[in-house]
K.L.:
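One structure is given below, represented as structure tokens, and several questions about it will come after.
Start at 1 and go down the list; that is how both ligands and their atoms are numbered.
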Amino acid sequence: MNNPGNIEASFQLAVQQYEAMGVDVDAALDRMRSVEISVHCWQGDDVSGFEGDGGSLGNGLAVTGNYPGRARNPDELRSDLEMAYSLIPGKHRLNLHAMYGEFNGPVDRDAIGVEHFQGWMDWSRDQKISLDFNPSYFSHPKASDGFTLASADSGIRQFWIDHGIACRNIAAAMGAAQGNPCINNFWVPDGYKDTPASRQAPRQRLADSLDKIFAEPLPRDQTLDAVECKLFGIGSESYVVGSHEFYMGYAISRNKVLCLDAGHFHPTEVISDKISSALMYVPELLLHVSRGVRWDSDHVVTYSDELQSIMQEIVRGDYLDRVHIGLDFFDASIHRVAAWAIGTRNALKAMMAALLEPVDKIQQLERDGDLTARLALMEEQKTMPLGAVWNHYCQTAGVPVGADWLQNVRDYENNVTSRRSDHPVAL
Ligand SMILES: C[C@H](O)[C@H](O)[C@@H](O)C(=O)CO
Ligand SMILES: [Mn+2]
């Protein structure tokens, strides 16, 4: 257990060190408090959803691990999320997928409505947690050949267009209820395992389907449409219809939010370097902060160089108002609440490090052509006492300091998640 007095004393020393570097720690903490991370619901149940048809995960998504105690219904998922939020400093959002509605019987995806998300909306109001949303274009019989909105079958396309329209209306209702835009992110898995004969035709169909979905303008203070590209998936190794170039062009030409997922590019390609380019041409970005290991493996976000670079880019470019930060990982080999806590705390810690940089100073050095001092100061940043400021931030936010949160998860595991059987429980 961390000692509160030591935490405060370490913080005061850290403030002096940052001040000596020209950094205003109070100002950084003020900005930090306004950073909202959209926590993804799907880490809590291995992307299963609550449609109750026992269908398996498909369309290029794979979750590995069999740690006991996944959430089996919305109440369990909400309970697990509340536990996770209690370990994370600040006020954050929830990113909900359409397959997580409360359906009380078979409701196909083209027929979902706001009523199926009323429970989530009530919960979000009570918890003061804003919602984001996603249509679910996977794990469904009408996506079993790997094609949805880009299908050559007009009936299949229409089904998924109707799903997209239904999801936009749900997202707009969520945004109206919460008083801020619900980001509605479209990830469409369509693609071929092997070399296509026409790369063009599916892309024309995808653009046409999306145009039909987005035909009705919805108030931007209620919902913002985002589109997410991908390089390849399991089973779509040779060709993904919604590639980076496809969605970059689509987002620019249709004034949409572009979603960049850290696991959706070549292994050595980083999204941190795309942020400033994309924001020259699209109004806003959504990030899916993830961690690919050799492929888009959706590992829990660690405090990696790329995570730090992503947050540095957001801060150095002054993009905090134009970049929405969401998470996208799913690991079933460790406790799922711990996965949320580790990944979200790391994302926030990296944001704090970026906010504690002497940005004006290093950018001035760069303008002056003093690249030696620029590198020297950037390197000094790496051993500044970030941990002391982070611990203070956690303590004052009323969440566990250091690794103390792990005991909370252990207690929750003993009292709650370990008592769940592996069999789904009906609502
Ligand atoms: C479940 C999510 O929508 C999904 O992970 C998507 O965002 C993605 O990244 C697919 O690879
Ligand atoms: Mn993603």
K.L.:
Which of parallel (below 30°), tilted (30 to 60°) and perpendicular (above 60°) describes His392 and Phe11?
P.N.:
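Ring orientation of His392 relative to Phe11: parallel.
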K.L.:
Need the atom name: nearest N/O/S atom of Asp261 to the Mn ion (ligand 2).
P.N.:
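Of the nitrogen, oxygen and sulfur atoms in Asp261, the Mn ion (ligand 2) lies nearest to OD2.
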K.L.:
Determine the minimum heavy-atom distance between Trp123 and Ile129, stating which atoms define it.
P.N.:
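Between these two residues, the closest heavy atoms are CH2-CD1, 4.1 Å.
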K.L.:
Give the residue and atom name of whichever protein heavy atom lies nearest to atom 4 (C) of ligand 1, and the separation in Å to one decimal.
P.N.:
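Going by distance alone, atom 4 (C) of ligand 1 is nearest to Asp328 OD2, 3.6 Å.
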K.L.:
With the threshold set at under 4.0 angstrom, would you say Asn134 reaches ligand 1 through any of its heavy atoms?
P.N.:
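No; Asn134 lies far enough from ligand 1 that no heavy-atom distance drops under 4.0 Å.
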K.L.:
Specify whether His264 and Trp187 have parallel, tilted or perpendicular ring planes, treating 30° as the upper limit for parallel and 60° as the lower limit for perpendicular.
P.N.:
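Tilted, since the angle between the ring planes falls between 30° and 60°.
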K.L.:
Give the numbers and elements of all ligand 1 atoms closer than 4.0 Å to a heavy atom of His97.
P.N.:
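Once the distances to His97 are compared, the set is 1 (C), 2 (C), 3 (O).
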K.L.:
Can a cation-pi geometry be assigned to Arg125 and Trp120, taking NZ or CZ under 6.0 Å from the six-membered ring centre and within 45° of the ring axis?
P.N.:
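Checked: cation-pi criterion not met.
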K.L.:
Which ligand 1 atoms does Lys230 reach within 4.0 Å, using its non-hydrogen atoms?
P.N.:
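Every atom of ligand 1 under 4.0 Å from some heavy atom of Lys230: 10 (C), 11 (O).
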K.L.:
So for His40, does at least one of its heavy atoms come nearer than 4.0 angstrom to any atom of ligand 1?
P.N.:
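The answer is no: ligand 1 sits nowhere under 4.0 Å from a heavy atom of His40.
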K.L.:
If the cut-off is 4.0 Å to any non-hydrogen atom of Phe330, which atoms of ligand 1 fall inside it?
P.N.:
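Reading through ligand 1 atom by atom, the close ones are 5 (O).
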K.L.:
Under 4.0 Å from any heavy atom of Leu61, which atoms of ligand 1 are there?
P.N.:
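Contacts of ligand 1 toward Leu61, numbered from 1: 10 (C), 11 (O).
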K.L.:
Provide the atom name of the closest N, O or S atom of Asp328 relative to the Mn ion (ligand 2).
P.N.:
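Checking each N, O and S atom of Asp328, the shortest distance to the Mn ion (ligand 2) belongs to OD2.
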K.L.:
If you round to the nearest 0.5 Å, how far is CD of Gln363 from CZ of Arg316?
P.N.:
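Nearest 0.5 Å value for the CZ-CD distance: 7.5 Å.
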K.L.:
Give the atoms of ligand 1, by number and element, whose distance to some non-hydrogen atom of Asp296 is under 4.0 Å.
P.N.:
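Going through ligand 1 atom by atom, the ones under 4.0 Å from Asp296 are 11 (O).
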K.L.:
Which residue holds the protein heavy atom closest to atom 7 (O) of ligand 1, what is that atom called, and what is the gap in Å?
P.N.:
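Result: Glu228 OE1, 2.8 Å.
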K.L.:
What part of Asp298, side chain, backbone, both or neither, has a heavy atom within less than 4.0 angstrom of ligand 1?
P.N.:
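Contact part for Asp298 vs ligand 1: neither.
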K.L.:
Suppose we call two aromatic rings close when their centres sit under 6.0 Å apart. Are Phe138 and His97 close by that rule?
P.N.:
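Between Phe138 and His97, the centre distance is under 6.0 Å.
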K.L.:
How far does CE of Met83 sit from CG of Asn408, to the nearest 0.5 angstrom?
P.N.:
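Nearest 0.5 Å value for the CE-CG distance: 4.5 Å.
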K.L.:
Taking only heavy atoms of His288 into account, list the atoms of ligand 1 that are under 4.0 Å away from them.
P.N.:
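Close to His288: 7 (O).
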K.L.:
Check Glu228 and report its N/O/S atom nearest to the Mn ion (ligand 2), by atom name.
P.N.:
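Of all N, O or S atoms belonging to Glu228, OE2 is the one nearest the Mn ion (ligand 2).
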K.L.:
Test the Lys142-Tyr137 pair against the cation-pi criterion, namely NZ or CZ under 6.0 angstrom from the six-membered ring centroid and within 45° of the ring axis.
P.N.:
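No, Lys142 does not lie over the aromatic ring of Tyr137.
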K.L.:
Looking at Tyr250, is Lys256 sitting on its ring face, NZ or CZ under 6.0 Å from the six-membered ring centre and within 45 degrees of the normal?
P.N.:
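Checked: cation-pi criterion not met.
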K.L.:
Does an N or O anywhere in Asn185 fall below 3.5 Å from an N or O of ligand 1?
P.N.:
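There is no such contact.
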K.L.:
So Tyr393 and Trp390, would you call those rings parallel, tilted or perpendicular, with 30° and 60° as cut-offs?
P.N.:
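The rings of Tyr393 and Trp390 sit tilted, inter-plane angle from 30° to 60°.
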K.L.:
Indicate if the distance from the Mn ion (ligand 2) to the nearest N, O or S atom of His288 falls below 2.8 Å.
P.N.:
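Looking at His288, which is the residue asked about, there is an N, O or S atom under 2.8 Å from the Mn ion (ligand 2).
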